[in-house]
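In what follows, a single structure is set out as structure tokens and then discussed.
The shown structure was predicted, so the numbers you read here are calculated from the model rather than taken from an experiment. Just the heavy atoms: all of them, side chains too, but no hydrogens, waters or symmetry mates, feed the values below.
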Amino acid sequence: MSLRRIFGLTLLLTAAFGSWYLSQSLSQRTSSDATADADHDGFYLRAAKVLGTDDNGALLYRIEAEYAEQRSPSEIEFQNVNIHYAKLSNVPWTLVADHASIGEDQKRVTLTGNVMAVSNEGFSGDVTEIRTQYLEFEPDTYVARTEDRVQIRIGTRSLTATGMLALLQENQLHLESNVSGKFVP
């Protein structure tokens with residue numbers, strides 16, 4: 001064997017070992033990066049719209065949010081949320097909140113932070129506002145409930161209470177405790 005062949009073979013073996021070593025170190029780094037990002041495998045959306053339909057596929061409600069992110073395989077969180085019922089549902093309510101989440105059962109939307117439900121055809125035919133910091137909302141059954149403090153405005157009248165159940169389709173409101181109000185004739 002000539003010196004030139006030995007040198008070429010050595011160079012070739014060094015290049016092969018170097019490429020193998022480089023590929024191993026990159027694959028280890030990639031797998032450790034994937035493990036570090038395992039919490040962020042879900043999706044995120046800007047200007048998100050989620051449509052809810054009834055059993056026949058007709059549009060029932062629409063959730064719009066500035067930002068939506070999947071936090072786990074069974075939970076989606078939203079920021080700056082508006083929920084509108086479709087006109088065909090005959091439920092004239094709009095719900096607004098700073099944050100919302102849809103959990104595992106996907107039947108309940110939990111609204112938090114400056115929650116407000118508004119209807120122009122609300123209780124007694126007057127504009128009605130319901131305000132609270134926490135509200136559990138079931139859009140398919142038109143039910144909203146909270147155990148927190150609520151402030152309700154019906155036209156010029158106002159009420160506060162602790163705990164509430166609102167049946168939005170029936171336009172019924174049930175207050176649970178500590179009810180006080182101001183009624184101007």
Side-chain angles (χ1 to χ4, degrees), residues 40-155 157-179 181:
H40 302 291
D41 284 342
F43 63 84
Y44 72 92
L45 302 167
R46 298 204 184 279
K49 290 183 183 179
V50 176
L51 305 177
T53 58
D54 63 13
D55 294 336
N56 298 322
L59 179 63
L60 183 62
Y61 61 90
R62 178 175 79 250
I63 300 174
E64 297 175 347
E66 283 183 15
Y67 181 80
E69 182 175 351
Q70 182 181 17
R71 293 292 184 172
S72 71
S74 61
E75 183 180 15
I76 302 170
E77 288 191 9
F78 300 89
Q79 293 178 7
N80 298 323
V81 182
N82 289 294
I83 301 173
H84 307 275
Y85 274 103
K87 289 183 182 185
L88 294 176
S89 68
N90 293 320
V91 179
W93 287 89
T94 299
L95 291 92
V96 178
D98 292 341
H99 303 280
S101 65
I102 298 176
E104 188 171 333
D105 66 358
Q106 297 185 2
K107 294 183 188 274
R108 182 177 315 148
V109 179
T110 302
L111 303 166
T112 58
N114 299 311
V115 180
M116 185 170 61
V118 179
S119 174
N120 290 331
E121 304 169 21
F123 302 102
S124 303
D126 291 325
V127 173
T128 301
E129 281 184 13
I130 301 170
R131 293 177 182 261
T132 187
Q133 289 299 311
Y134 178 88
L135 187 70
E136 292 179 0
F137 175 58
E138 297 172 14
D140 293 347
T141 59
Y142 318 101
V143 173
R145 66 174 50 97
T146 185
E147 293 180 4
D148 286 8
R149 178 180 158 81
V150 293
Q151 179 182 20
I152 301 147
R153 226 174 243 193
I154 304 170
R157 299 166 286 185
S158 66
L159 295 166
T160 59
T162 303
M164 174 205 70
L165 173 68
L167 306 174
L168 301 179
Q169 191 172 40
E170 291 88 9
N171 247 6
Q172 292 182 8
L173 184 65
H174 303 274
L175 303 176
E176 294 180 3
S177 65
N178 299 323
V179 179

Which distance, rounded to the nearest 0.5 Å, do you find between the [atom1] of [X] and the [atom2] of [Y]?
| X | Y | atom1 | atom2 | value |
| --- | --- | --- | --- | --- |
| Arg108 | Asp140 | CZ | CG | 12.0 Å |
| Ile154 | Leu159 | CD1 | CG | 6.0 Å |
| Lys49 | Arg62 | NZ | CZ | 6.5 Å |
| Gln169 | Trp93 | CD | CH2 | 13.0 Å |
| Ile102 | Ser74 | CD1 | OG | 11.5 Å |

Looking at [X] and [Y], would you say the former's side chain and the latter's main chain have a donor-acceptor pair under 3.5 Å?
| X | Y | answer |
| --- | --- | --- |
| Asn56 | Ala58 | no |
| Thr94 | Val118 | no |
| Glu69 | Ile76 | no |
| Ser119 | Ala117 | no |

Could you please spell out the steps behind the side-chain contact (heavy atoms from CB on, under 4.5 Å) verdict for Gln133 and Thr112?
CA-CA 5 Å; Gln133 289 299 311; Thr112 58; over 6 Å; no
Less than 3.5 Å apart, which donor and acceptor atoms pair up between the side chains of residues 78-88 and the rest of the protein, not counting sequence neighbours?
| from | atom 1 | to | atom 2 | distance (Å) |
| --- | --- | --- | --- | --- |
| Asn80 | ND2 | Glu66 | OE1 | 2.9 |
| Tyr85 | OH | Pro139 | O | 2.8 |

side-chain contact (heavy atoms from CB on, under 4.5 Å) evaluation trace for Asp126 with Arg157:
CA-CA 10 Å; Asp126 291 325; Arg157 299 166 286 185; 3.0 Å; yes
Within-4.5 Å side-chain heavy-atom neighbours: Met164 and Leu135:
yes
Do Ile152 and Leu175 have side-chain heavy atoms sitting under 4.5 Å apart?
yes
Dump the intermediate steps for side-chain contact (heavy atoms from CB on, under 4.5 Å) on Val109 and Leu95, then the final yes or no.
CA-CA 11 Å; Val109 179; Leu95 291 92; over 6 Å; no
Quick one: ring pair (Phe, Tyr, Trp, His ring centres under 6.0 Å) partners of Tyr61, sequence neighbours excluded?
none
Going by side-chain hydrogen bond (donor to acceptor under 3.5 Å, both in side chains), name the residues that satisfy it together with [X], two or more places apart in sequence or in a different chain.
| X | value |
| --- | --- |
| Arg131 | Glu129 |
| Asn178 | Thr162 |
| Thr160 | Ser180 |

Show your working on side-chain contact (heavy atoms from CB on, under 4.5 Å) between Asn120 and Val127 and close with a plain yes or no.
CA-CA 4 Å; Asn120 290 331; Val127 173; 4.0 Å; yes
Can you pull out every side-chain hydrogen bond (donor to acceptor under 3.5 Å, both in side chains) where at least one residue sits in residues 142-151? Sequence neighbours excluded, please.
Glu138-Arg145
